Colleague: 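Please see the structure below; I have some questions.
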Amino acid sequence: MAKAGAAAGPILRLKPGREKSLRHRHPWVFSGAVDRVDGDPAPGDTVTLMAVDGTSLGRAAFSPSSQIRARVWSFDSRTPIDDAFFRQRIERAVAARRSMQDAQHTGCRLIHGESDGLPGVIADRYGDVVVLQLSSAGAERWRDAIADALGGATGATCIFERSDAEVRTIEGLEPRIGVLRGALPDPVSFTEDGLVYRANVAHGQKTGFYLDQRDNRRAVRALAAGREALNVFCYTGAFTLAALAGGATRVTSLDSSATALHEATENLAANPTLDPGRAEWVEGDAFGTLRKFRDAARSFDLIVLDPPKFAPTAAQVERASRAYKDVNLWALKLLRPGGLLATFSCSGGVDASLFRKIVAGAALDAGADATVIGRFGPGADHPVALAFPEGDYLKGLLIRKAL
Ligand code: SAH
């Protein structure tokens, strides 16, 4: 760590004691930690972070309208933040994922924000297309450098921007969707475990697909043989196709979005080896539909529950906990004795220990004798920096209902 004087440009001075998290390599500076800013940085400009004793702690992107006032690019304040910096970080992230892709797996998260040293930057590869999501003032400031570096590192024929995450509003940024480099093919197709999927990169959820569930779809595929399955919150049917490929006798898939269900049937049609006669699609609200299934005395051997983010932040945890408990309770009631439930939460506000408690409460209320026989997380292309627990959002349990 360098002493003052080494720093050029604007300086963000921290309040006494507030440099601790930076010393532990946590990449966010909250507004309450800021004593003052010397200079007049524009949103996204690079500032040097300085402790009260004059030690500089790194270089960060300034974000005046967000509670997260600065996001660290580098913990070494001598690092120039320029095009070459982004090239190097992006090449490093892309290289780390080379072994995770081959002809059977052409979908991959290439950049996972803070955990790849690039706060506010997400990049997902779908075949020859890379979808970029920028969600912080700093990432926005470096859009061109990032797009060029991604093009260079991947050889993608198209870089498509999908910067419409809600957090952009907090950063004072407008949504931006459109082609940045090359031309967008229609459809955008890729392969996961040998199955063909389409990603609706312009309008779908996230960047068009839930790549983070890749390993868990493989697990479900391995468990599906001979089982009748229910896929709740199925979106575009990724778990459905995995279960069918694994030999499920029948898969019922439920989602409230007609568009998602339509895309799911297209995904199924893109895989002629899978029998569409084994798939049932149901449009409806999960909470009400699971009750109706119960009233109709329906039951299943394998249930996948992958709801949307009920608690994006800690503030919504209580309400979210009730929602998670409710769907898990109904799923456990619909499960046959000896049946399996793969249940997930992608809420940052609900950690693994709370999630386990919620599912335990659901089992108790459902009168189900159940055990945890496996645990799920995101694939290796979604790394979590040890110093950044906020990155640990996806957790799941494999539950077995006693015979
Ligand atoms: N399991 C999916 C991702 C699920 S995303 C995959 O692997 O691709 C969450 C899905 O839940 C979205 O498709 C959304 O349309 C759906 N959804 C949200 N609220 C719902 C509700 N109350 N009932 C049913 N579906 C809902």
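Bear in mind the structure is a predicted one, so any value in this text is a computation, not a measurement. Start at 1 and go down the list; that is how both ligands and their atoms are numbered.
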Colleague: May I ask you to decide whether Arg97 forms a salt bridge with Asp381, counting only side-chain N to carboxylate O separations under 4.0 Å?
Modeller: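 No.
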Colleague: How far is atom 21 (C) of ligand 1 from its nearest protein heavy atom, and which residue and atom is that?
Modeller: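 Answer, as residue, atom name and distance: Asp285 OD1, 3.6 Å.
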Colleague: With a 4.0 Å cut-off, would you call Glu263 and Arg198 a salt bridge?
Modeller: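 No, no charged N to carboxylate O under 4.0 Å.
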Colleague: Parallel under 30°, tilted from 30 to 60°, perpendicular over 60°: which one fits the rings of Phe287 and Phe233?
Modeller: perpendicular
Colleague: Please find out if less than 6.0 Å separates the ring center of Tyr126 from that of Tyr197.
Modeller: no
Colleague: Just going by heavy-atom distances, which of Ser256, Cys346, Ala258 is nearest to atom 26 (C) of ligand 1?
Modeller: Ser256
Colleague: Any salt bridge between Glu174 and Arg168, counting N to O under 4.0 Å?
Modeller: no
Colleague: For atom 1 (N) of ligand 1, which protein heavy atom lies nearest, and how many Å away is it?
Modeller: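 Looking at atom 1 (N) of ligand 1, the protein heavy atom closest to it is Asp306 OD2, 2.7 Å.
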Colleague: Within the structure, does Asn231 bring an N/O atom to less than 3.5 angstrom of an N/O atom in ligand 1?
Modeller: no
Colleague: Tell me which one of Arg109, His382, Lys206 satisfies side chain to side chain donor-acceptor pair (under 3.5 Å) with Asp212.
Modeller: Lys206
Colleague: Looking only at N/O atoms, are Gln205 and ligand 1 under 3.5 Å apart anywhere?
Modeller: no
Colleague: At a 4.0 Å cut-off, with the gap strictly under it, does some heavy atom of Asp255 reach an atom of ligand 1?
Modeller: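 Heavy atoms of Asp255 do come under 4.0 Å of ligand 1.
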Colleague: Tell me which protein heavy atom sits closest to atom 18 (C) of ligand 1, plus the residue, atom name and distance to 0.1 Å.
Modeller: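 For this ligand atom, the closest protein heavy atom is Pro308 CG, 3.5 Å.
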Colleague: I need the atoms of ligand 1 closer than 4.0 Å to a non-hydrogen atom of Ser257, numbered in the order shown.
Modeller: 15 (O)
Colleague: Contact between ligand 1 and Gly237 is defined here as a heavy atom of the residue under 4.0 Å from a ligand atom; is it met?
Modeller: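 The answer is no: ligand 1 sits nowhere under 4.0 Å from a heavy atom of Gly237.
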Colleague: Taking the six-membered ring for Trp, are Phe293 and Trp330 ring centroids under 6.0 Å apart?
Modeller: no
Colleague: Quick one: which of Phe233, Phe287, Phe310 has a heavy atom closest to atom 11 (O) of ligand 1?
Modeller: Phe233
Colleague: May I ask you to test the Ile399-Leu332 pair for a side-chain heavy-atom distance under 4.5 Å?
Modeller: yes
Colleague: Before signing off on this row, confirm whether Ala286 and ligand 1 have an N or O atom pair separated by under 3.5 Å.
Modeller: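 Yes, since at least one N or O of Ala286 sits under 3.5 Å from an N or O of ligand 1.
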Colleague: For Thr191 and Gln104, what are the C-alpha separation, side-chain angles and deciding distance, and is it a side chain to side chain donor-acceptor pair (under 3.5 Å)?
Modeller: CA-CA 6 Å; Thr191 308; Gln104 300 299 304; over 6 Å; no
Colleague: Under 4.0 Å from a heavy atom of Gly284: give me the atoms of ligand 1 that qualify, with their elements.
Modeller: 23 (N), 24 (C)
Colleague: Given that the side chain starts at C-beta and the backbone is N, CA, C, O, which of these parts of Phe239 lies under 4.0 Å from ligand 1, counting heavy atoms, or is it both or neither?
Modeller: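 For Phe239, only side-chain atoms sit under 4.0 Å from ligand 1.
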Colleague: Ring centroid separation for Phe388 and Trp28, is it under 6.0 angstrom?
Modeller: yes
Colleague: Checking a contact table here: which protein heavy atom is nearest atom 7 (O) of ligand 1, and how many Å away?
Modeller: Arg217 NH1, 3.1 Å
Colleague: Under 4.0 Å from any heavy atom of Tyr235, which atoms of ligand 1 are there?
Modeller: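 Within the 4.0 Å cut-off of Tyr235, ligand 1 contributes 2 (C), 3 (C), 4 (C), 8 (O), 13 (O).
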